[in-house]
Amino acid sequence: MGFSVTNYFSQNITQVPNIFIDTYMPQANGSFVKVYLYLLRQMNETSPSLTIENMADMLSNTEADITRALRYWEKQGVISITEAVGQIIEISLLPLSDESKQPEQASHYSSSAATVSKTLDVVEEMAPPDSGSAEPSQTYLIQPDIPKRHIYSPLQAEALKKDSEIESCLSMVEALLGTTLGDAHMQLVLYLMSDLGFSLNLVITLYETALSRGKRNPRYLETIALNWAKKGIRTVEDAEDEVSSFNGTYRIITKALGIKRALAPAEKAVIDKWEVYHFPDAVLEEACSRTVLQSGDTNLNYTAKILEDWHKKGVTSLKDIEDCDKSFFRQKNASPGKNGTARRNKNKFQQFPQREYSREEYADLEKQLLHQS
């Protein structure tokens with residue numbers, strides 16, 4: 001059901017062009033939108049005078065955030081910036097053009113979706129599949145609020161690298177990679193920080209996550225970043241939770257046990273202890289299967305006892321488990337009974353005392369049988 005909107009404002013109004021809301025706002029970072037709205041607000045002042053510092057204070061952002069927002073809107077053709085000696089001395093708000101923006105935006109979404117689809121064919125997603133291969137578990141669609149990916153010109157790149165936070169991030173990424181930073185990684189970092197609004201720490205967490213998996217391809221990193229942006233991940237803590245929730249072992253265990261919910265921290269702690277066993281996925285799945293069949297439950301402590309026993313027996317494969325099972329049954333059947341003889345399998349018809357017959361009784365029984373025939 002729809003709702004009505006009533007306007008009670010009578011003065012001190014800042015007008016926002018509809019084209020900005022319809023065309024420019026959906027694909028922009030939220031903090032970037034705040035900066036543009038604040039610039040519009042200042043147009044109502046008689047002689048507006050702004051600094052990066054007071055804008056940062058007003059909007060509860062860092063100065064680097066404000067600078068990135070201004071650079072973003074400059075690239076979008078929304079504002080023009082005049083600089084002198086590396087300092088911004090004038091900002092002009094430009095007329096917004098619907099005709100020039102819409103086709104670009106439409107082509108951006110289609111090309112971005114194609115790029116990510118192609119990327120997902122060759123890189124591992126954040127949620128590793130059961131086999132541990134590099135095949136993605138699901139495809140994430142590009143949302144309209146994710147800024148487009150484009151190549152920065154040398155002049156644009158140099159201007160952005162004047163931002164101390166971006167400059168520091170590039171140096172740290174170079175140190176993590178252990179080699180001179182190539183253009184592909186530089187372009188990616190600029191995109192993450194200038195367009196997606198990633199902080200320095202979030203970018204570093206992204207690179208650490210990928211490198212811990214032995215991945216350094218920029219396309220792989222971009223896929224993870226787009227996934228985080230889509231899910232609204234903005235802090236290192238959120239990113240670490242996301243990575244942890246898609247730990248390969250966690251996913252194998254929850255699927256094998258039929259657990260549909262997220263694992264509790266205590267459950268993750270139990271699973272983490274199994275890492276020292278270095279069991280392959282198939283062994284973990286077999287332990288979970290036996291847990292359900294033997295206990296009728298999904299008790300991880302029961303699974304832990306099975307795995308601990310297999311570890312003591314040197315199990316490393318499903319074949320080893322089969323050999324352990326055969327050995328167990330052989331020992332059970334060959335174990336001595338009360339009289340020292342091998343234990344025999346008995347069914348319920350053998351659980352009564354057996355009558356002892358004399359030689360004469362056997363002879364008499366034989367005569368009876370012959371007479372009856």
Side-chain angles (χ1 to χ4, degrees), residues 12-17 20-21 24-94 96 145-150 152 155-173 186-207 225 228-229 231-239:
N12 295 328
I13 296 174
T14 297
Q15 293 185 338
V16 180
F20 175 80
I21 298 173
Y24 291 83
M25 187 178 73
Q27 64 175 329
N29 180 291
S31 61
F32 295 174
V33 173
K34 287 200 305 182
V35 170
Y36 181 75
L37 294 178
Y38 188 66
L39 291 176
L40 286 179
R41 166 69 181 85
Q42 295 304 309
M43 294 301 98
N44 290 332
E45 297 296 326
T46 307
S47 55
S49 178
L50 296 175
T51 66
I52 299 296
E53 183 180 6
N54 62 36
M55 287 183 69
D57 290 340
M58 175 64 188
L59 300 176
S60 298
N61 282 334
T62 66
E63 294 183 27
D65 292 332
I66 300 299
T67 301
R68 282 196 295 272
L70 294 175
R71 298 297 181 189
Y72 172 79
W73 290 124
E74 182 183 31
K75 290 199 295 280
Q76 299 302 310
V78 172
I79 65 174
S80 67
I81 298 176
T82 303
E83 297 183 67
V85 197
Q87 299 293 321
I88 297 176
I89 60 173
E90 183 181 2
I91 295 175
S92 301
L93 273 65
L94 304 177
L96 304 182
D145 59 346
I146 297 180
K148 64 179 180 180
R149 178 81 156 90
H150 59 89
Y152 298 91
L155 288 176
Q156 290 175 326
E158 286 303 316
L160 289 172
K161 285 192 289 185
K162 291 179 181 178
D163 185 320
S164 60
E165 190 174 6
I166 290 179
E167 184 181 18
S168 297
C169 187
L170 290 170
S171 298
M172 294 175 70
V173 167
M186 182 196 71
Q187 292 282 343
L188 177 61
V189 171
L190 294 180
Y191 171 61
L192 297 178
M193 300 188 72
S194 298
D195 295 323
L196 294 188
F198 277 29
S199 67
L200 180 152
N201 290 333
L202 189 58
V203 173
I204 297 305
T205 300
L206 172 67
Y207 270 85
W228 288 2
K231 294 184 177 182
I233 294 174
R234 311 298 299 173
T235 66
V236 172
E237 292 74 18
D238 290 342

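- Side-chain contact between S92 and T82 is absent, with no heavy atoms from C-beta onward closer than 4.5 Å.
- In this structure a side-chain-to-backbone donor-acceptor pair under 3.5 Å is present from Q187 to Y152.
- Here CG of L37 is found 12.0 Å from CD of Q42. Values are rounded to the nearest 0.5 Å.
- In this structure, T67 OG1 and M193 CE are separated by 11.5 Å, a value rounded to the nearest 0.5 Å.
- Classified by interplanar angle (parallel below 30°, tilted 30° to 60°, perpendicular above 60°), the ring pair F198/W228 is parallel.
- Distance check: I88 CD1 to E90 CD gives 11.5 Å after rounding to the nearest 0.5 Å.
- Side chains of S199 and N201: no donor on one and acceptor on the other come within 3.5 Å.
- Closest of all the heavy-atom pairs between D195 and F32 is O-CE1, 3.6 Å.
- N61 has its side chain within reach of K34: a pair of non-hydrogen atoms, C-beta onward, lies under 4.5 Å apart.
- With contacts defined as side-chain heavy-atom distances shorter than 4.5 Å, the pair R149/L188 qualifies.
- Taking both residues in full, the closest heavy atoms of K161 and I166 are given as CA-CG2, 4.3 Å, listed atom of the first, atom of the second, then distance.
- Nearest approach of Q27 to Q76, heavy atoms of both residues: NE2-OE1, 4.0 Å.
- Note: L155 CG to E158 CD = 8.0 Å, rounded to the nearest 0.5 Å.
- Under the 30°/60° scheme for interplanar angles, the aromatic rings of F20 and Y36 are found to lie parallel.
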Go through L59 and I66 one step at a time and tell me if the side-chain contact (heavy atoms from CB on, under 4.5 Å) criterion holds. CA-CA 9 Å; L59 300 176; I66 300 299; 4.0 Å; yes
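- Separation of atoms CD (Q156) and NZ (K75) is listed at 6.5 Å; rounding is to 0.5 Å.
- Nearest heavy atoms, L196 versus N29: O-ND2, 3.1 Å.
- With a 4.5 Å cut-off on side-chain heavy atoms, V35 and L70 count as touching.
- Scanning both residues, T235 and L202, for their nearest heavy atoms gives O-CD1, 3.6 Å.
- Closest approach of G77 to L94, counting heavy atoms only: O-CD1, 3.6 Å.
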Stepwise, does the side-chain contact (heavy atoms from CB on, under 4.5 Å) test hold for V236 with I204? CA-CA 9 Å; V236 172; I204 297 305; over 6 Å; no
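- At distances below 3.5 Å, not a single donor-acceptor pair connects side-chain atoms of R71 with backbone N or O atoms of L160.
- When atom types are taken as modelled, the side chain of D57 and the backbone of N54 share no donor-acceptor pair closer than 3.5 angstrom.
- From T62, atom OG1 reaches atom CD of E53 across 12.5 Å, with rounding to the nearest 0.5 Å.
- Looking only at side-chain heavy atoms (C-beta outward), K162 and E167 stay at 4.5 Å or farther from each other.
- Using a 4.5 Å heavy-atom threshold, the side chains of C169 and V203 count as touching.
- In this structure a side-chain-to-backbone donor-acceptor pair under 3.5 Å is missing from R68 to D163.
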